[in-house]
Amino acid sequence: MNVDLTVNLSSLKMRNPLMLASGVLGNTGAILRRVAEAGAGAVVTKSIGVKPKKGYLNPTIVEVDCGFINAMGLPNPGVSEFIEELKIAKKSGVPVIASVFGSTEKEYAEVAYRMEEAGADAIELNLSCPHAGGLIQFSQDPKRTFDVVRAVKSAVKIPVFAKLTAEVTSIVEIGKAAERAGVDGVTAINTLRGMVIDIEVARPILSNKFGGLSGRAIKPIAIRCVYELYRELSIPIIGVGGILDFRDVVEFMMAGASAVQIGSAIAIKDLNIFREITVDLKRFMEEKGYKCLKDIIGLAHEEG
Ligand SMILES: Cc1cc2nc3c(=O)[nH]c(=O)nc-3n(C[C@H](O)[C@H](O)[C@H](O)COP(=O)(O)O)c2cc1C
């Protein structure tokens with residue numbers, strides 16, 4: 001049997017549902033190309049803002065049980081410099097999604113517009129970085145989410161995805177605000193605020209004290225968010241958080257994700273993870289008699 005792993009995500013055509021998550025290896029065009037060559041269906045850049053930003057002092061990342069906590073502080077070269085990297089990434093042939101952040105709606109719109117001009121295939125709005133000093137968590141407020149999405153949608157023609165945080169009373173309320181503003185899809189979830197203390201020196205380990213928890217530890221929360229969003233929204237959902245193997249991908253898709261992103265696992269398994277998951281996913285679908293990903297997406301919602 002021939003299994004079809006292709007995905008149409010808004011206007012993006014992906015050869016498989018696996019994307020590189022933002023911030024993990026996405027800071028140069030050459031690395032983004034390597035990830036595409038390793039088998040990713042699409043790549044997302046590191047989050048880019050209007051101006052260059054240094055980020056926090058080391059240590060910026062620490063391994064914990066079942067994951068990592070990072071507080072990089074959104075280091076990036078600024079959009080003017082990054083567009084050269086984007087052009088290199090575009091040569092990979094897979095969709096390149098530009099992750100953008102800003103401190104106002106106008107900044108988001110400006111960076112998104114310039115990324116589109118440079119050839120980005122879609123925009124992912126980082127509305128939810130849990131440790132970017134001074135940046136508001138836009139996705140904790142439905143009105144601000146609506147306003148950013150509206151501003152960016154009026155600035156660009158390419159699809160716009162909104163990346164949400166789980167650190168809200170209702171992720172569905174935020175997802176609905178983004179949908180009302182015309183967003184083309186939502187990405188769930190970003191990292192969750194955490195902290196680690198070194199008991200020998202009695203001080204927090206990260207220079208920023210707090211950071212964002214990623215990896216296995218957050219997977220059940222991410223699955224719950226995707227499931228809740230799928231029940232209430234009519235736009236595609238991109239699932240992210242703790243994916244390590246094909247079983248995790250199937251779980252996210254059964255919860256309602258049309259595509260998924262992989263971040264922390266690359267540090268554990270390296271870039272082979274994309275090929276490994278593609279092969280395993282195909283085999284699983286063949287064994288179960290699923291012909292295409294539509295046969296799996298949202299399957300856990302069926303009654304009986
Ligand atoms: C080192 C590191 C840097 C990250 N930087 C960004 C970023 O710039 N923008 C963003 O939207 N998410 C960023 N994230 C969050 C990831 O894209 C992803 O949402 C999160 O790590 C959960 O997925 P995972 O468990 O597969 O890593 C970062 C995560 C890590 C571990």
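Computed from a prediction, not measured in an experiment: that's the story for all the values here. Read the numbers this way: they start at 1 and go in the same order the structure lists the ligands and their atoms.
Nearest protein neighbour of atom 9 (N) of ligand 1, counting heavy atoms only, is Ser47 OG, 2.7 Å. Protein heavy atom at the shortest distance from atom 13 (C) of ligand 1 is Ser22 O, 3.0 Å. For atom 20 (C) of ligand 1, the closest non-hydrogen atom on the protein side is Thr191 CG2, 3.7 Å. Of all protein heavy atoms, the one lying nearest to atom 2 (C) of ligand 1 is Asn70 ND2, 3.4 Å. In this structure, atom 12 (N) of ligand 1 lies nearest to the protein heavy atom Lys163 NZ, 3.0 Å. The nearest heavy-atom contact from the protein to atom 23 (O) of ligand 1 is Val240 CG2, 3.3 Å. For atom 21 (O) of ligand 1, the closest non-hydrogen atom on the protein side is Ser214 CB, 3.2 Å. Given atom 26 (O) of ligand 1, the protein heavy atom at minimum distance is Gly263 N, 3.0 Å.
With Asn8 contributing its side chain and Lys13 its backbone, the two residues share no donor-acceptor pair below 3.5 Å. For the pair Ser10 (side chain) and Asp184 (backbone), a donor-acceptor distance under 3.5 Å is absent. Using a distance-only test at 3.5 Å, with no hydrogens or angles considered, no donor-acceptor pair links the side chain of Ser99 to the main chain of Asn126.
Phe161 is not listed as a side-chain neighbour of Ile123, based on a closest heavy-atom distance of 4.5 Å or more. At a threshold of 4.5 Å between non-hydrogen side-chain atoms, the residues Gln140 and Leu127 do not count as touching.
Against a heavy-atom cut-off of under 4.0 Å, Ala21 is close to the following atoms of ligand 1: 17 (O). Residue-ligand proximity, Leu74 to ligand 1, at heavy-atom distances under 4.0 Å covers atoms 8 (O). Residue Gly241 approaches ligand 1 through these ligand atoms, each under 4.0 Å from one of its heavy atoms: 22 (C), 23 (O), 25 (O). Each of the atoms 5 (N), 7 (C), 8 (O) of ligand 1 lies under 4.0 Å from some heavy atom of Lys46.
Looking at Arg193 and Glu167, no side-chain N of the basic residue comes within less than 4.0 Å of a carboxylate O on the acidic one, giving no salt bridge. Using a 4.0 Å cut-off between charged nitrogen and carboxylate oxygen, Asp245 and Arg247 count as a salt-bridge pair.
Polar contact with ligand 1: present for Asn126 (N/O pair, distance under 3.5 Å). Of the polar atoms of Glu124, none of the N or O atoms is found under 3.5 Å from an N or O of ligand 1, judged by distance alone. At least one N or O atom of Ser264, backbone or side chain, sits closer than 3.5 Å to an N or O atom of ligand 1. At a 3.5 angstrom cut-off on N or O pairs, Gly215 counts as close to ligand 1. Residue contacts with ligand 1: Gly242 is placed with a nitrogen or oxygen under 3.5 Å of a nitrogen or oxygen of the ligand (distance criterion only).
Residue contacts with ligand 1: Ile189 is included, with a non-hydrogen atom under 4.0 Å away.
A donor and an acceptor atom, one from each side chain of Glu124 and Thr187, are located under 3.5 Å apart. A donor atom on one side chain and an acceptor atom on the other are not found under 3.5 Å apart for Arg15 and Thr278. No side-chain donor from either of Asn27 and Asn76 sits under 3.5 Å from a side-chain acceptor of the other. Remark: the Ser214 side chain and the Ser264 side chain contain an N/O donor-acceptor pair separated by less than 3.5 Å.
Here the closest non-hydrogen pair linking Ile221 and Ile189 is CG2-CD1, 4.2 Å.
In Asn190, the parts holding a heavy atom less than 4.0 Å from any atom of ligand 1 are both the side chain and the backbone.
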